[in-house]
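Computed from heavy atoms alone, side chains included, the values below leave out hydrogens, waters and symmetry copies.
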Amino acid sequence: MMSGQSILDIEKLGIDFGGLHALDGFSLHIEPGEIVGLIGPNGAGKTTVFNLLTSVYAPTRGKIELQGENTKGKKTHQVAKHGIARTFQNIRLFSRLTVLDNILIGMHNNIHYSILRAIFRLPRYWKEEAAAKERALELLDVFDMRSVANEVAGSLPYGAQRRIEIVRALATDPQVLLLDEPAAGMNPSETEELMANIRRIRDKFGVAIFLIEHDMSLVMGICERILVLNYGLVIAEGTPEEIKTNPTVIEAYLGQQRSE
């Protein structure tokens with residue numbers, strides 16, 4: 001899937017909160033269709049990386065380029081429109097709306113009728129609404145969830161709500177999908193299904209996936225590259241096999257190195 005041409009370029013990214021270096025010197029280049037993992041202890045700065053990529057925070061130093069364009073000064077919604085979508089550690093669905101409505105909300109950047117057409121329900125309005133609904137249902141098909149399209153999102157099981165959040169992110173037509181602990185709260189069988197679905201998303205949509213996850217079975221089983229973050233610094237980068245056998249990672253994150 002990799003083309004040799006990166007879609008997301010992060011160079012020496014850093015942010016300070018007061019005198020605290022929450023992140024320092026973070027660099028990463030992601031190619032289309034790549035699946036990259038970010039791991040590290042709680043408080044290492046992983047979600048801070050995602051918040052910088054989506055312009056929730058402005059970096060103190062460094063730069064982010066998406067499809068060759070610097071994102072400095074862009075608002076969160078502008079970054080989303082340009083091609084970065086994300087999910088969150090804590091589910092952020094509109095729990096009282098239907099599953100379908102949640103997905104349609106994610107598609108607002110791609111609906112182009114005017115306010116006037118919407119008010120008077122002109123033909124362009126109905127045409128785009130019908131196309132958006134069909135697109136939303138097709139996205140739900142990725143997770144075999146078309147049958148729950150008219151269910152209230154908050155009434156569904158936790159794992160299903162996680163999947164809806166991923167579908168809503170896909171509805172923005174991203175080039176890069178950021179998944180923040182997508183397996184949180186899932187049992188082993190749900191995690192296995194999630195791994196298959198992440199691969200399906202990558203293969204079907206050609207989207208690059210950058211994920212934070214504590215479930216090592218998922219990270220090691222699906223990621224092509226892994227970065228390890230500790231106290232705001234990258235302490236290792238490599239393939240899953242390289243990370244598993246890296247002494248620094250074993251000591252700092254995966255557990256104290258066994259004495260020989």
### Message
So does Ile35 get a backbone contact from the side chain of Glu224, meaning a donor-acceptor N/O pair under 3.5 Å?
### Response
yes
### Query
Taking C-beta and beyond as the side chain, do Glu31 and Arg225 meet within less than 4.5 Å on heavy atoms?
no
### Query
Would you call Ile30 and Ile209 a side-chain contact if the rule is heavy atoms closer than 4.5 Å?
no
### From CG (Leu93) to CD (Glu165), nearest 0.5 Å
5.5 Å
### Message
So which atom in Ala85 and which in Thr172 form the shortest heavy-atom distance, rounded to 0.1 Å?
### Response
CB-OG1, 3.4 Å
### Task
With the side chain counted from C-beta on, respond yes when Ile103 and Arg135 share a heavy-atom pair under 4.5 Å apart, and no when they do not.
no
## Note on the structure
Scanning both residues in full, the closest heavy-atom pair of Lys75 with Ser55 reads C-CB, 4.1 Å
### Task
In sequence, state the C-alpha distance, the side-chain angles, and the governing distance for Lys63 and Glu69, and then conclude on salt bridge (charged side-chain N to carboxylate O under 4.0 Å, His left out).
CA-CA 10 Å; Lys63 68 175 182 177; Glu69 183 176 335; over 6 Å; no
### Message
I need the Leu156 CG to Glu151 CD distance, nearest 0.5 Å.
### Response
6.0 Å
### Query
Just how far is it from atom CD of Glu34 to atom OG of Ser6, taken to the nearest 0.5 Å?
9.5 Å
### Query
Below 4.5 Å, heavy atoms only, C-beta onward: do Glu11 and His29 meet side chain to side chain?
yes
### Non-hydrogen atoms of Phe94 and Ala153 that approach each other most closely
O-CB, 4.0 Å
### Query
Same cluster or not: are Ile39 and Leu52 linked, directly or through other Ile, Leu, Val, Met, Phe, Trp or Tyr residues, by side-chain heavy atoms under 4.5 angstrom apart?
no
#### Entry: Between CG on residue Leu178 and CZ on residue Phe210, distance to nearest 0.5 Å
7.5 Å
### Query
Does any non-hydrogen side-chain atom of Leu211 lie less than 4.5 Å from one of Leu218?
yes
### Task
Quick one: do Leu38 and Val219 satisfy side-chain contact (heavy atoms from CB on, under 4.5 Å)? Show the steps, please.
CA-CA 9 Å; Leu38 181 63; Val219 174; over 6 Å; no
### Summary
dist Phe143:CZ -> Arg200:CZ (nearest 0.5 Å) comes out at 7.5 Å
### Query
What's the verdict on side-chain contact (heavy atoms from CB on, under 4.5 Å) for Phe50 and Thr87, showing C-alpha distance, side-chain angles and the deciding distance?
CA-CA 10 Å; Phe50 277 20; Thr87 64; over 6 Å; no
### Query
Taking NZ, NE, NH1 and NH2 as the nitrogens, is one of them in Glu190 or Arg162 under 4.0 Å from a carboxylate oxygen of the other?
no
### Message
Would you say that Met220 contacts Ile243 through its side chain, given a criterion of any heavy-atom pair below 4.5 Å between the two side chains?
### Response
yes
### Query
Has the side chain of Gln67 got a donor or acceptor atom that lies under 3.5 Å from a matching backbone atom of His82?
yes
### Task
Supply the atom-to-atom distance Asp203 CG to Ile198 CD1, rounded to the nearest 0.5 angstrom.
12.0 Å
### Task
May I ask whether Met107 and Ile84 are part of the same hydrophobic cluster, defined by side-chain heavy atoms of I, L, V, M, F, W, Y residues being less than 4.5 angstrom apart, directly or through others?
no
### Query
Quick check: does any side chain N or O of Tyr231 sit under 3.5 Å from a backbone N or O of His21, one acting as donor and the other as acceptor?
no
### Message
I'd like to know if the side chain of Thr239 reaches the main chain of Glu242, judged simply by a donor and an acceptor atom lying under 3.5 Å from each other, with no hydrogens or angles considered.
### Response
yes
### Task
Could you check if a side-chain atom of Ile166 sits within less than 4.5 angstrom of a side-chain atom of Ile201, using non-hydrogen atoms only?
yes
### Message
Using a 6.0 Å cut-off, check whether atom CZ of Phe205 has over 12 heavy atoms from anything other than its own residue.
### Response
yes
#### Entry: Heavy-atom pair of closest approach, residues Thr98 and Asn150
CG2-O, 3.8 Å
### Task
Indicate if Tyr57 and Leu23 have the same hydrophobic cluster label, given that clusters are the connected sets of ILVMFWY residues with side-chain heavy-atom separations under 4.5 angstrom.
yes
### Query
Please walk me through it: do Ile105 and Leu97 pass side-chain contact (heavy atoms from CB on, under 4.5 Å)?
CA-CA 10 Å; Ile105 287 169; Leu97 297 181; 3.6 Å; yes
### Query
Which atom names give the shortest non-hydrogen contact between Arg202 and Gly33, and what distance separates them?
NH1-O, 2.9 Å
### Query
Asp16 and Arg61: side-chain contact (heavy atoms from CB on, under 4.5 Å), yes or no, with the steps?
CA-CA 9 Å; Asp16 303 334; Arg61 55 198 165 274; 2.9 Å; yes
### Message
I want to check something: taking the side chain as every heavy atom from C-beta on, are Lys204 and Asn197 in contact at a cut-off of under 4.5 Å?
### Response
no
## Note on the structure
In Val79, Thr48, Thr76, Thr47, the residue satisfying side chain to side chain contact (heavy atoms under 4.5 Å, CB included) with Val56 is Thr76
#### Entry: N/O donor-acceptor pair under 3.5 Å between Lys46 side chain and Pro41 backbone
yes
### Contact summary for Leu13 and Pro59, nearest pair of heavy atoms
CD1-CB, 3.6 Å
### Task
Determine, using the 4.5 Å side-chain heavy-atom cutoff (strictly less than), whether Val36 and Leu229 are members of one ILVMFWY cluster.
yes
### Query
Does Ile91 share a hydrophobic cluster with Met145, counting links as ILVMFWY side-chain heavy atoms below 4.5 Å and allowing steps through other members?
yes
